[in-house]
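Here's the structure, in structure tokens; my notes come after.
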Amino acid sequence: MNSDKNEIFETSSEGLNTADDTEQVNSADAEAESESEKVNAENETQTPDTEEKKDGSELKKAKKQGREKMKSAYALKYGSYATATVAIVIALVICLNVFLNVLNQRFPMTVDFTAANEYTFDEENIEFLKGIDYKVELSVIFSESDYQNSNYMYNYRGFEEGNGGAYYTQTVELLKQYKKYNKNISVQFIDPFSTSSEDEKGQDISAIISEYTEHDLTVKFADILVKCWPDGDDAEPKLGVISAEDCYVLSADSESTLDYYNSGTSTQTITGNNIEQAVANGIFKTANLETVNVAVITANSEESYTDYLEETAKLNAYELTAVNMIMDTDLSKYDAMIICAPSADYSEDECAKISEWLDNDGKKGRILMYFASAASPKLSNLHDLLEEWGIAYETGYKYYSKNELYYLDDQTNIRLETLKSDYTATVDSGRYSFIANNMIPMSAVYETETNGTRTVETVMQTEDYSVYKKPDGDKSWKATGNGDTRPVVMLSKDAGEESSSYVMAVSSVDFITNSDVATKSDNGNLRVVMNILNTTVRNDEDEYVMQAKLVSDTSGMFVTSTTEAQTVIIGIVFLGLIPIALIVIAIYIHIRRKNL
């Protein structure tokens with residue numbers, strides 16, 4: 001019997017389970033019975049009653065001892081498992097923290113909780129950064145902490161910042177993200193007040209500044225130095241400077257005249273952030289990428305119409321220049337021309353010169369961009385020119401007849417929609433909104449000209465329920481009825497052998513002047529204009545468009561790898577909560593096993 005039990009015990013010893021525990025108990029009982037037989041043999045001379053009592057007592061004692069031995073072995077085995085589990089968990093937590101720290105150093109992790117992703121790169125900028133295949137070094141002339149110090153920025157650059165330093169923090173955090181998207185780009189903050197004469201790379205700070213000033217580049221506090229190697233690492237590097245003024249949207253106060261070594265009292269108020277665009281434009285210019293020249297015709301027009309457009313165009317390597325006298329100006333150096341809301345018609349000679357400029361001796365490659373106004377007088381000559389390109393303007397105003405669709409309780413303030421077009425392919429209509437008011441009805445004279453070289457298409461239109469009122473209509477007229485869609489942005493193409501020229505016509509100058517263009521981060525009006533410029537002049541329909549980034553929610557929570565907030569939150573979670581939770585689970589399992 002004992003040998004049978006031993007055999008069963010041996011075959012089940014690979015794992016501890018209920019059957020295993022039962023066999024151990026049986027084995028202990030067998031040992032107890034054997035011990036009892038020895039006791040009986042030694043006490044054969046005792047009386048039967050005494051022997052029976054003693055035999056029962058010894059048997060119980062032996063069984064108890066056997067169970068205690070089994071329980072002790074069981075507890076030892078499972079205690080070892082629990083201890084090993086706790087040790088493994090602690091080791092894993094340590095390894096996880098080391099791994100996350102190394103990963104964060106290599107790929108800084110950030111979490112942006114602001115509603116408009118104000119601390120996150122635009123998708124277009126990310127694509128641009130990923131496309132840089134040459135080495136770029138960015139050096140900020142301020143330490144990281146001093147740059148975020150409003151007093152320093154006021155004393156040394158004359159900047160007023162009314163958001164508690166939020167714009168400065170936004171700039172620093174965005175700059176630190178560049179290396180995450182492209183290993184070719186490095187960013188460092190140089191402390192000009194440091195007692196050490198070297199930067200974080202061991203380079204002499206004075207020598208760095210001198211290298212730029214010797215190339216006739218002006219360097220001031222908070223500027224960003226650009227050094228890049230577009231021709232290869234072995235070639236001579238190219239240098240550029242991104243001024244602190246270019247990094248922000250500033251008020252119309254007098255410009256700061258502070259230099260690198262002196263402070264002063266002239267101030268400018270920061271109202272927006274241009275750091276993404278400024279850095280992209282700085283890299284563009286430093287690498288000698290081509291800048292497109294744009295003529296803004298101010299004859300019979302106001303230059304201020306293009307203020308918002310000029311700001312965005314400059315950030316995307318377009319240079320706008322006011323041209324007052326069409327006939328006395330050499331237009332050949334301009335690739336694009338803008339006319340906004342003329343207060344008087346242009347002469348036949350002026351319109352003829354514009355037509356010759358568009359043809360470019362048959363080489364084409366130019367674009368005229370016209371923004372109409374309902375306040376303009378009759379423009380017979382200019383409208384004749386536009387009709388030659390297949391675009392006609394009518395009289396009257398566009399209205400919305402459906403209350404929930406117009407904007408700010410103004411029936412002339414209409415929401416727009418982009419159409420599927422190569423010229424707006426990169427403008428996400430689901431991400432951006434498009435608004436304009438006081439729009440003039442317009443239509444296509446033809447879709448394809450009879451000689452076949454010119455074609456016209458609608459790039460953007462109103463949504464349904466758009467109606468229009470003629471100026472001489474019934475005074476009791478109301479914007480009612482279903483209405484239909486109406487063109488808002490039209491583009492005519494004159495195809496040449498190697499390139500094409502274009503005329504873009506917009507039904508209202510408000511498309512580039514309304515307040516939403518300047519204050520709403522999700523407004524896409526200027527993106528449409530810039531995409532058309534990129535597609536027609538640069539022949540690049542995929543080129544990114546950048547606009548000023550605003551900080552509208554300074555209470556938004558932002559966590560970055562180098563801030564105190566990140567240290568506290570990540571530390572609590574990964575060094576506190578997670579390890580404690582795992583250890584509690586391990587102890588619970590240990591106790592449960594022990595009491596089985």
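Side-chain atoms are counted along with the backbone in the values below, which use heavy atoms only and exclude waters and symmetry mates. Counting begins at 1 with the first residue of the sequence. Since the structure is predicted, the reported quantities are computational estimates derived from the model, not experimental observations.
- Rounded to the nearest 0.5 angstrom, Leu331 CG and Tyr334 OH are separated by 7.5 Å.
- Side-chain atoms of Ile338 and Leu309, non-hydrogen and from C-beta on, do get closer than 4.5 Å to each other.
- By the 4.0 Å N-to-carboxylate-O rule, Glu211 lies close enough to Lys227 to be salt-bridged with it.
- Checked by atom type and distance alone, the side chain of Ser501 never pairs as donor or acceptor with a backbone atom of Ile367 at under 3.5 Å.
- Considering only heavy atoms from C-beta on, Glu160 stays 4.5 Å or farther from Gln268 through its side chain.
- Residues Lys179 and Ile185 are not in side-chain contact: their nearest non-hydrogen atoms beyond the backbone lie 4.5 Å or more apart.
- Within the 4.5 Å cutoff, no side-chain heavy atoms of Ile190 are placed close to those of Val140.
- The structure places OG1 of Thr291 at 11.0 Å from NZ of Lys314, a figure rounded to the nearest 0.5 Å.
- Counting only distance, with no hydrogens or angles, the side chain of Glu302 and the backbone of Thr298 share no donor-acceptor pair below 3.5 Å.
- Tyr134 contributes atom OH, which lies 12.0 Å from atom CH2 of Trp229 (distance to the nearest 0.5 angstrom).
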Evaluate side-chain contact (heavy atoms from CB on, under 4.5 Å) for Asn525 paired with Tyr308, printing each intermediate quantity in order. CA-CA 11 Å; Asn525 289 17; Tyr308 297 149; over 6 Å; no
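- Distance OG1/Thr213 to CG/Leu217: 8.5 Å, rounded to 0.5 Å.
- By the 4.5 Å heavy-atom criterion applied to side chains, Met369 and Ile339 are not counted as neighbours.
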Under the side-chain contact (heavy atoms from CB on, under 4.5 Å) rule, what do Leu239 and Leu225 come out as? Steps first, then yes or no, please. CA-CA 8 Å; Leu239 307 178; Leu225 309 182; over 6 Å; no
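- The SG atom of Cys247 lies 8.0 Å from the CZ atom of Phe159; values are rounded to the nearest 0.5 Å.
- Aromatic pair Tyr168/Tyr152: ring centres not closer than 6.0 Å.
- For Asn531 (side chain) and Arg527 (main-chain N/O), a donor-acceptor pair under 3.5 Å exists by modelled atom type.
- Glu161 and Ser150 form no side-chain donor-acceptor contact under 3.5 Å, judged by distance and modelled atom types alone.
- A donor-acceptor contact shorter than 3.5 Å links the side chain of Asn182 to the backbone of Ile132.
- Using a 4.5 Å heavy-atom threshold, the side chains of Thr306 and Thr513 count as separate.
- The main-chain N or O of Val323 is never found under 3.5 Å from a side-chain atom of Thr329 such that the two would form a donor-acceptor pair.
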Does the salt bridge (charged side-chain N to carboxylate O under 4.0 Å, His left out) test come out yes or no for Lys364 and Glu498, once each step is laid out? CA-CA 8 Å; Lys364 316 291 184 184; Glu498 296 183 0; over 6 Å; no
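- Not a single donor-acceptor pair under 3.5 Å links the side chain of Ser500 to the backbone N or O of Lys493.
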Go through the steps to decide whether Thr321 and Asn293 satisfy the test side-chain contact (heavy atoms from CB on, under 4.5 Å), and finish with yes or no. CA-CA 8 Å; Thr321 304; Asn293 293 311; 5.6 Å; no
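- Put simply, CD on Glu276 and CG on Leu129 are 8.0 Å apart, with the number rounded to the nearest 0.5 Å.
- No side-chain donor-acceptor contact under 3.5 Å links Asn163 to the backbone of Gly165.
- Defined by atom type and a distance below 3.5 Å, a donor-acceptor pair is missing between the side-chain atoms of Asp223 and Tyr212.
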Val528 and Tyr423: CA distance, side-chain angles, deciding distance, side-chain contact (heavy atoms from CB on, under 4.5 Å) verdict: CA-CA 8 Å; Val528 171; Tyr423 306 106; over 6 Å; no
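- Between Ala336 and Leu533, the shortest heavy-atom distance links the atoms CB-CD2, 3.9 Å.
- Ring orientation note: the planes of Tyr167 and Tyr248 are nearly perpendicular, at an angle over 60° on the 30°/60° scale.
- Between the side chains of Asp307 and Ser304, no donor-acceptor pair of N or O atoms lies under 3.5 Å.
- In summary, the side chains of Gln170 and Asn273 do present a donor paired with an acceptor at a separation below 3.5 Å, with no hydrogens or angles considered.
- Ring geometry for Tyr156 against Phe142 counts as perpendicular: the plane angle is over 60°, on a 0 to 90° scale with 30° as the lower cut.
- Of all the heavy atoms in Thr218 and Val241, the pair that sits closest is O-CG1, 3.6 Å.
- When every heavy atom of Glu173 is checked against every heavy atom of Gln177, the shortest pair comes out as O-CG, 3.3 Å.
- A donor-acceptor pair is defined here as one N or O able to donate and one able to accept, closer than 3.5 Å; such a pair exists between the side chain of Arg366 and the backbone of Trp357.
- Looking at Ser139, its side chain never comes within 3.5 Å of a backbone N or O of Ile224 through a donor-acceptor pair.
- Across Gly282 and Val226, no two heavy atoms sit closer than the pair O-CG1, 4.4 Å.
- Nearest approach of Ala372 to Ser507, heavy atoms of both residues: CB-O, 4.0 Å.
- Side-chain contact of Glu137 with Ser186: a donor-acceptor pair under 3.5 Å is absent, judged by distance alone.
- Side-chain contact between Val488 and Met439 is present, with at least one heavy-atom pair separated by less than 4.5 Å.
- With Arg157 contributing its side chain and Phe221 its backbone, the two residues share a donor-acceptor pair below 3.5 Å.
- Two residues are said to be in side-chain contact when any heavy atoms from C-beta on lie closer than 4.5 Å; Tyr178 and Val279 meet this criterion.
- Smallest separation of non-hydrogen atoms from Val249 and Glu311: CG2-OE2, 3.6 Å.
- Ion pairing of Asp335 with Arg538 is absent here, as no side-chain N (NZ or NE/NH1/NH2) approaches a carboxylate O to less than 4.0 Å.
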